[in-house]
Amino acid sequence: MCGIVGIVSQTEVNQAIYDGLTVLQHRGQDAAGIVTSDETGKFFLRKANGLVKDVFHTRHMLKLKGNMGIGHIRYPTAGCSTSAEAQPFYVNSPFGIALAHNGNLTNTKKLKDELFQSDRRHLNTDSDSEVLLNVLAHELQKTSRLKPQADDVFKAVSQLHRRCKGAYAVVAMIAGVGIFAFRDPNGIRPIVIGKRETEQGNDYAIASESVAIDSLDFTLIRDISPGECIFIDMAGNIHSQQCAENPVLSPCMFEYVYFARPDSIIDGISVHKSRMRMGDKIAQKIKRDYPDHDIDIVMPIPDTSRSSAVQLAEVLGVPYREGFIKNRYIGRTFIMPGQQQRKKSVRQKLNPIGLEFEGKNVLLVDDSIVRGTTSQQIVQMARDAGARKVYFASAAPPVRYPNVYGIDMPSPEEFVAHDRDVDEIAKELGVDWLIYQDIEDLELAVNKHNNVDRFDISCFNGKYITGDIDQKYLDFVDSLRNDGSKSESDKSNSVIELHNDN
């Protein structure tokens, strides 16, 4: 999962892009990058591994000149954390194009072969974002103009949609021309556009989540539609066109469950409100399955489960309590490579308030359970703090299948729900009982007003909406994502980085 920002303004954009990336930092803490362009058409690029605040210092910001630019924050979808794959990526032909991408292509191997054998383009990394950029560049090469216009961009994106499969929300920039953004025909990954009126003219901002638009004092216009491309020239003129043949809005459910900030609105749906409704639905299920429950308090596992836990407690008529204090300087354990690093970070990340647990039956609420490693340790913390009984509620259904559209979930064999029923999972986690959200209730909670045609819920039901995923591909993904391969990758990367430092 990654975060992207693009801005065309009447003034310098470096600080605004930096600020937008910091708001989206929850979407990735592995690497960050910004590329800007001035009126001469020159690109100015800075990217490296690390958090936004660590990658960009004053000396870097002063060099990021221009009224147009794009930015990216990343966590890797296959365990790789080399700075060579930090974005944005750049190609000098044709015109000079920079690109930042959130998502994952599912036909990368085929595209790599085509780019080498037919398009005669060279790839320097293993990143599917570089593949996407080169496909786009090849299609833009077909224009006869020295300076491409909106219709040239739309034709290129239309061809890209025909060639590229999977999930992609993209912001790109052509030197001396403008920026453009587009979304895959299923709209799996989110992307929105906002506007700000100034005395000099109109400024436009594009971002992964509406919260970044809000924080920059832009007014949210709308989500970019599945398959749509929006082009904004350097003068602030905006053009849009549907570039896909059969678009169907199918956003990733995990955005609402976990990844997006609660103050974001994705495809017209409030993330906060959808999480509250998840809490309502799971509370109703508890009433059905455990009508004589003896829960004393409801407690969230901070932070993404808080909205659900508040509503769950209200519906059950049970006190809501905050029992874990979070160290805000520790990153998300879900996106940390390697099981050992995740285990170590949980104890550093959360600390229980003993008075809230002592002698009580506690219902812990989390947004989802993936590996279960974090949940096991948190349950043990609750018991060590004096809880009499520990119950556990997941606002999402069991995660049983890999995500292939841009979320770095582990190998299915590493899922706690792999080949286990609910009682077996409860035993593995060490809880007195465990309750999961039903898939139907989750969809009803998020899609209350029928904003969405369908959702990508493949990690819950194993049905992949792009229709091109077979067992061979899943085996390939598994080989990249299991903790054993990540451990080897981490060792390899550390050697490379030490060598470069010398």
Do [X] side-chain atoms and [Y] backbone N/O form a donor-acceptor pair below 3.5 Å?
{"X": "Ser210", "Y": "Ser264", "answer": "no"}
{"X": "Gln159", "Y": "Arg162", "answer": "no"}
{"X": "Ser479", "Y": "Phe476", "answer": "yes"}
{"X": "Arg46", "Y": "Gly33", "answer": "no"}
{"X": "Gln10", "Y": "Asn202", "answer": "yes"}
{"X": "Ser458", "Y": "Lys463", "answer": "no"}

Trace of the salt bridge (charged side-chain N to carboxylate O under 4.0 Å, His left out) decision for Arg196 with Asp217: CA-CA 7 Å; Arg196 180 175 62 194; Asp217 202 26; 5.7 Å; no
[X] and [Y] ion-paired at < 4.0 Å:
{"X": "Arg222", "Y": "Asp267", "value": "no"}
{"X": "Asp30", "Y": "Arg74", "value": "yes"}
{"X": "Lys195", "Y": "Asp203", "value": "no"}
{"X": "Arg189", "Y": "Asp184", "value": "no"}
{"X": "Asp263", "Y": "Arg261", "value": "yes"}
{"X": "Arg145", "Y": "Asp152", "value": "yes"}
{"X": "Glu440", "Y": "Lys281", "value": "no"}
{"X": "Glu139", "Y": "Arg163", "value": "yes"}
{"X": "Asp280", "Y": "Arg277", "value": "no"}

Asp478 and Ser411: side chain to side chain donor-acceptor pair (under 3.5 Å), yes or no, with the steps? CA-CA 5 Å; Asp478 181 55; Ser411 165; 2.3 Å; yes
Side chains of [Y] and [X]: any donor to acceptor distance under 3.5 Å?
{"X": "Ser394", "Y": "Asp366", "result": "no"}
{"X": "Thr108", "Y": "Asp128", "result": "no"}
{"X": "Glu85", "Y": "Thr125", "result": "no"}
{"X": "Glu209", "Y": "His26", "result": "yes"}
{"X": "Tyr405", "Y": "Thr466", "result": "yes"}
{"X": "Tyr401", "Y": "His418", "result": "no"}
{"X": "Arg454", "Y": "Ser250", "result": "yes"}

Applying side chain to side chain contact (heavy atoms under 4.5 Å, CB included), run through Phe460 and Met253 and close with a yes or a no. CA-CA 10 Å; Phe460 304 127; Met253 182 63 82; 4.1 Å; yes
Ring geometry between Tyr90 and Phe43 (parallel below 30°, tilted from 30 to 60°, perpendicular above 60°): perpendicular
Neighbour count >12 (heavy atoms, 6.0 Å) for atom [atom1], [X]:
{"X": "Lys110", "atom1": "NZ", "result": "no"}
{"X": "Lys155", "atom1": "NZ", "result": "no"}
{"X": "Leu62", "atom1": "CG", "result": "yes"}
{"X": "Lys142", "atom1": "NZ", "result": "yes"}
{"X": "Gln471", "atom1": "CD", "result": "yes"}

Could you tell me which non-hydrogen atom of [X] sits nearest to which non-hydrogen atom of [Y], and how far apart they are?
{"X": "Leu111", "Y": "Cys164", "result": "CD1-SG, 3.9 Å"}
{"X": "Leu21", "Y": "Gly3", "result": "CD2-O, 4.5 Å"}
{"X": "Ser129", "Y": "Leu99", "result": "O-CD2, 3.8 Å"}
{"X": "His72", "Y": "Cys2", "result": "NE2-CB, 3.4 Å"}
{"X": "Ser308", "Y": "Ala395", "result": "OG-CB, 3.9 Å"}
{"X": "Ser305", "Y": "Asp367", "result": "CB-N, 3.6 Å"}

Show every salt bridge (Lys or Arg N to Asp or Glu O under 4.0 Å) that has at least one partner inside residues 7-22, sequence neighbours left out. none
How long is the span from the [atom1] atom in [X] to the [atom2] atom in [Y], to the nearest 0.5 Å?
{"X": "Phe180", "Y": "Met173", "atom1": "CZ", "atom2": "CE", "answer": "10.5 Å"}
{"X": "Phe154", "Y": "Ser240", "atom1": "CZ", "atom2": "OG", "answer": "6.0 Å"}
{"X": "Phe455", "Y": "Cys252", "atom1": "CZ", "atom2": "SG", "answer": "10.5 Å"}
{"X": "Ile174", "Y": "Ile97", "atom1": "CD1", "atom2": "CD1", "answer": "5.5 Å"}
{"X": "Asn451", "Y": "Asp223", "atom1": "CG", "atom2": "CG", "answer": "9.5 Å"}
{"X": "Gln241", "Y": "Ser158", "atom1": "CD", "atom2": "OG", "answer": "6.0 Å"}

Would Thr374 and Ile369 count as a side chain to side chain contact (heavy atoms under 4.5 Å, CB included) here? Give the steps. CA-CA 9 Å; Thr374 300; Ile369 307 170; over 6 Å; no
Please say which of Tyr75, Tyr258, Phe254 ends up in a side-chain contact (heavy atoms from CB on, under 4.5 Å) with Met1. Tyr75
Take Val404 and Tyr473 through the test side chain to side chain contact (heavy atoms under 4.5 Å, CB included) and record every step on the way to the result. CA-CA 9 Å; Val404 300; Tyr473 182 80; 3.8 Å; yes
Test the Lys47-Phe89 pair against the cation-pi criterion, namely NZ or CZ under 6.0 angstrom from the six-membered ring centroid and within 45° of the ring axis. yes
Does the side chain to side chain contact (heavy atoms under 4.5 Å, CB included) test come out yes or no for Ile70 and Ile17, once each step is laid out? CA-CA 7 Å; Ile70 63 176; Ile17 294 175; 5.8 Å; no
Is there a salt bridge (charged side-chain N to carboxylate O under 4.0 Å, His left out) between Arg27 and Glu255? Walk through the geometry before answering. CA-CA 10 Å; Arg27 300 186 68 86; Glu255 292 282 354; 2.8 Å; yes
Taking it one step at a time, do His60 and Tyr18 satisfy side chain to side chain donor-acceptor pair (under 3.5 Å)? CA-CA 11 Å; His60 305 125; Tyr18 175 97; over 6 Å; no
